[in-house]
Structures are given as C-alpha cells and as structure tokens.
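See structure below.
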Amino acid sequence: QVQLVESGGGLVQAGGSLRLSCTASGQTTLSRAVGWFRQAPGKEREFVAAINWSGGNTRYAAPVTGRFTISRDSAKNTVYMQMNSLRPEDTAVYYCAARTWNVLSSTDSDYNYWGQGTQVTVSS
C-alpha cells in the first residue's frame with residue numbers, strides 16, 4: 001500500500017507561482033509513474049501532468065504546457081509540480097496519484113493510489 005500526501009497549495013494572485021509536493025510513504029516507494037490531476041467545483045477531474053520513475057519522460061495537458069513543470073526527487077520519494085503564470089481557471093483541488101506501472105497515463109482510472117488533495121486558488 002502507498003500513501004500519498006500533497007502539500008503546497010494556497011491562495012495566489014493571477015500571474016503568481018506555487019510549488020506542489022507529493023510525498024509517498026508506505027510499503028513501497030514511488031518507483032512508478034506519478035500524475036497530477038485537478039478538479040474544479042462543478043467540473044470533472046482532469047489530467048494535469050505525469051512523470052515516470054526516472055523523471056526522463058513527462059506529459060502535460062495542453063492548458064498547462066509551458067507554465068507547469070513536473071519533477072521528482074526519488075531519494076526523497078517526492079514529486080513536485082512547479083506552477084507559474086497561474087490563472088484563475090487553474091483554481092481547483094489538485095491531487096497526486098501513483099500507478100502500479102512505470103508508464104505515463106493521462107487517464108485517472110489507470111492510477112491506483114491517490115492523495116487527499118490540496119486546494120489551489122488563483123484570484124484575478
């Protein structure tokens with residue numbers, strides 16, 4: 001079993017930056033693909049970014065490409081997401097998720113373990 005804990009959310013003005021962290025604990029380490037998803041009020045959960053175990057492969061959703069950067073520190077069992085040039089439409093609860101396999105996916109049903117989420121609010 002893997003437990004994931006997100007942190008780093010908060011309130012920021014449009015154009016600002018935040019860095020989210022996702023730290024894993026439990027029986028296994030984060031030696032697998034990890035993704036970030038988000039869910040805004042009244043909307044479905046959507047894919048944001050994903051990274052493989054080595055960090056050599058990443059994938060981004062179109063709305064965040066060029067603004068968000070996903071990375072990982074395997075020694076710390078932590079995945080980060082640097083979010084720059086934030087917009088009000090980025091407001092959502094952000095979740096990290098881990099797969100059983102070390103293969104990138106933008107489909108939430110492919111992920112087996114989920115964190116509790118962290119709120120990101122961007123004011124205009």
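With no hydrogens or angles considered, no side-chain donor-acceptor pair links Arg19 and Tyr80 at under 3.5 Å. A side-chain N or O of Thr23 and one of Thr78 form a donor-acceptor pair less than 3.5 Å apart.
Between the OG atom in Ser123 and the CG atom in Leu86 there is a gap of 10.0 Å [rounded to 0.5 Å]. Atom-to-atom distance recorded for Leu18:CG and Asn84:CG is 9.5 Å, nearest 0.5 angstrom. In this structure, Arg32 CZ and Asn112 CG are separated by 7.5 Å, a value rounded to the nearest 0.5 Å. Note that NZ of Lys43 is 8.5 Å distant from CD of Glu89, once rounded to the nearest 0.5 Å. Atoms OG1 and CD, on Thr91 and Gln119 in that order, are 7.5 Å from each other to the nearest 0.5 Å. In this structure, CE on Met81 lies 9.5 Å from SG on Cys96, to the nearest 0.5 angstrom.
Cluster membership check: Val48 shares its hydrophobic cluster with Leu20, using side-chain heavy-atom separations under 4.5 Å among Ile, Leu, Val, Met, Phe, Trp and Tyr. Residue Leu4 is not grouped with residue Trp114 when hydrophobic side chains (ILVMFWY) are merged at heavy-atom distances under 4.5 angstrom, including chains of intermediate members. The same ILVMFWY cluster, assembled from side-chain heavy atoms under 4.5 Å apart, contains both Val79 and Phe68. In the hydrophobic cluster analysis, where Ile, Leu, Val, Met, Phe, Trp and Tyr join through side-chain heavy atoms closer than 4.5 angstrom, Tyr94 is grouped together with Ile51.
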Next item on the list: Could you check Met83 against Asp90 for side chain to side chain contact (heavy atoms under 4.5 Å, CB included), going step by step and ending with a plain yes or no?
Entry: CA-CA 10 Å; Met83 305 186 298; Asp90 294 318; over 6 Å; no
Next item on the list: Please step through side chain to side chain contact (heavy atoms under 4.5 Å, CB included) for the pair Val12 and Thr121, ending with a clear verdict.
Entry: CA-CA 6 Å; Val12 64; Thr121 303; over 6 Å; no
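Here the shortest heavy-atom pairing between Pro88 and Ala14 reads CD-CB, 4.1 Å. The two residues Arg72 and Val34 make their nearest non-hydrogen contact at NH2-CG2, 3.9 Å. Here the closest heavy-atom approach between residue Ser17 and residue Gln82 is recorded as CB-NE2, 3.8 Å. Closest approach of Arg38 to Pro63, counting heavy atoms only: NH2-CB, 4.2 Å.
Counting only distance, with no hydrogens or angles, the side chain of Glu6 and the backbone of Gln116 share a donor-acceptor pair below 3.5 Å. The closest donor-acceptor contact from the side chain of Tyr60 to the backbone of Ile70 lies under 3.5 Å. Checked by atom type and distance alone, the side chain of Thr107 never pairs as donor or acceptor with a backbone atom of Ser109 at under 3.5 Å. Side chain of Thr118 to main chain of Gly9: a donor-acceptor pair is present (N/O by atom type, distance under 3.5 Å, no hydrogens or angles). In this structure, the side chain of Asp73 does not engage the main chain of Asn77 through any donor-acceptor pair within 3.5 Å.
Note that Arg99 lies outside the cation-pi zone of Trp53, set by a 6.0 Å cut-off to the ring centre and a 45° limit from the axis.
Ring to ring, Phe37 and Tyr111 are close: their centroids are under 6.0 angstrom apart.
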